[in-house]
2 protein chains.
Amino acid sequence: MTPEHPPDDDPDIEIRGLRIDILEGAFSWYIRTLDAVVSRDLDRRMAHLEIARGKGKITTLLLVDDYPGIRPSQIADVLMRDRPATGRIIDRLVDAGTIRREAAQDDQRAQALFITDKGHALADEVREIIRCQEEEFFDFIEPEDRDQFMRQLKRAYLKMRTKWD
Amino acid sequence: MTPEHPPDDDPDIEIRGLRIDILEGAFSWYIRTLDAVVSRDLDRRMAHLEIARGKGKITTLLLVDDYPGIRPSQIADVLMRDRPATGRIIDRLVDAGTIRREAAQDDQRAQALFITDKGHALADEVREIIRCQEEEFFDFIEPEDRDQFMRQLKRAYLKMRTKWD
DNA sequence: TTAGATGGTTGTGAAATGCAACCTTATGCT
DNA sequence: AGCATAAGGTTGCATTTCACAACCATCTAA
């Protein structure tokens with residue numbers, strides 16, 4: 001406890017009177033905890049959509065919608081996942097009738113992915129759900145903090161990617 | 001595209017030349033993406049530890065180590081998970097011989113959890129791994145950004161919790 | 001003493017994850 | 001040309017997770 005600090009500035013984290021040890025200062029803990037709650041909330045919002053649950057389908061769907069003919073390996077690259085995982089995400093989207101596989105013209109090994117009408121409509125729904133969640137769920141972030149927090153996240157993301165590649 | 005912005009200030013996110021649609025401005029996307037990579041890294045660091053993988057075991061282990069006699073329901077509260085999920089996390093820790101269940105003295109329904117010697121040693125290993133990851137993995141966060149980013153995360157976490165309760 | 005709240009467990013069904021092995025087509029080197 | 005190697009994708013496998021609902025036991029308060 002360091003009551004000198006204004007509580008909102010660098011608060012000691014205490015949950016129901018419990019301290020969480022070293023995790024209190026760990027980036028990983030906050031990121032993982034935030035993720036769990038955000039993802040659960042998102043799952044619920046998408047529960048009726050037959051592409052609910054899991055972490056690559058939304059991104060994949062929007063990518064295919066925006067880039068007709070995009071290849072699975074490009075998607076894997078964005079998702080930072082291996083190809084089997086990416087392939088299965090695509091499987092589910094194809095099964096749901098939202099996207100379609102074709103052989104790439106210039107490379108017989110590769111596939112070109114295209115959105116279907118159903119998929120396009122779904123993509124719009126998904127965009128709306130994301131928009132809603134950003135508004136409703138993240139309303140706890142003060143307006144004046146939003147830009148800064150977003151900038152931090154973007155920077156963290158970009159640097160992490162750089163490291164990854 | 002708004003080239004007026006200095007690239008490091010509010011960068012447009014582009015991955016291998018691909019834009020990610022509405023997700024580019026979505027908190028959820030960055031949190032979920034960061035989580036995936038952080039968690040994978042952590043899994044690898046803990047792969048040899050028989051409590052690897054998953055999102056509640058570390059917190060639970062440290063809580064039991066710090067608060068002898070803590071109850072499952074308290075842990076569920078910290079983890080923001082339901083009791084079945086928490087119960088199974090405890091199962092795994094018990095199976096691994098790291099903690100022990102007893103009946104709570106004051107309430108026959110409840111359990112009191114205690115760390116074992118093995119669990120205590122493991123908790124120390126885990127703390128060390130967390131420390132390492134914070135240093136090595138998150139080295140992409142500039143030193144001068146660390147405090148601020150951490151503050152943002154803590155605030156977000158605290159407010160999210162408030163909302164949750 | 002009886003109804004309702006609280007603490008935990010079990011059962012179920014649906015998925016996701018990462019890894020390794022495998023097939024096919026391009027590409028590059030000699 | 002011809003052969004080795006890289007790149008694109010798929011399949012199989014084993015492990016784990018997740019949320020929800022139903023269920024049993026105990027405690028508490030009207």
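In what follows, every chain begins at residue 1, and chains take the letters A, B, ... in the order their sequences are listed.
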Test applied, side-chain hydrogen bond (donor to acceptor under 3.5 Å, both in side chains); reference residue, A:D145; option that passes from B:R155, B:Q152, B:R151: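 Exactly one option meets the side-chain hydrogen bond (donor to acceptor under 3.5 Å, both in side chains) with A:D145, and it is B:R155.
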Whether the side chain of [X] engages the backbone of [Y] through a donor-acceptor N/O pair (distance < 3.5 Å, no angle test) should be reported.
{"X": "A:K159", "Y": "B:D139", "result": "no"}
{"X": "A:D21", "Y": "A:L23", "result": "no"}
{"X": "A:E134", "Y": "A:R131", "result": "no"}
{"X": "B:T86", "Y": "B:P72", "result": "no"}
{"X": "A:Q105", "Y": "A:A112", "result": "no"}
{"X": "A:Y157", "Y": "B:I13", "result": "no"}

Once you round it to whole Å, what is the distance between P of C:dT24 and CZ of A:R83? 16 Å
I need the CD-C1' distance between B:Q111 and C:dG8, as an integer number of Å.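 After rounding, the reported distance stands at 6 Å.
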Heavy atoms of chain A, cut-off under 4.0 Å: which first and last nucleotide of DNA chain D, 5' to 3', fall inside that, if you could look? D:dA6 to D:dC20
Presence of donor-acceptor pair under 3.5 Å, side chain of A:R109 and base of C:dT24: no
Should B:S73 be listed as having a side-chain N or O under 4.0 Å from OP1 or OP2 of C:dT6?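 No, no such contact exists.
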Contact string for nucleotides 10-19 of chain C, one letter per nucleotide 5' to 3', B = base within protein heavy-atom range under 4.0 Å, S = sugar-phosphate only, - = neither, reads BBB--SSSBB
Do B:S73 and B:R83 have side-chain N/O donor and acceptor atoms under 3.5 Å apart? no
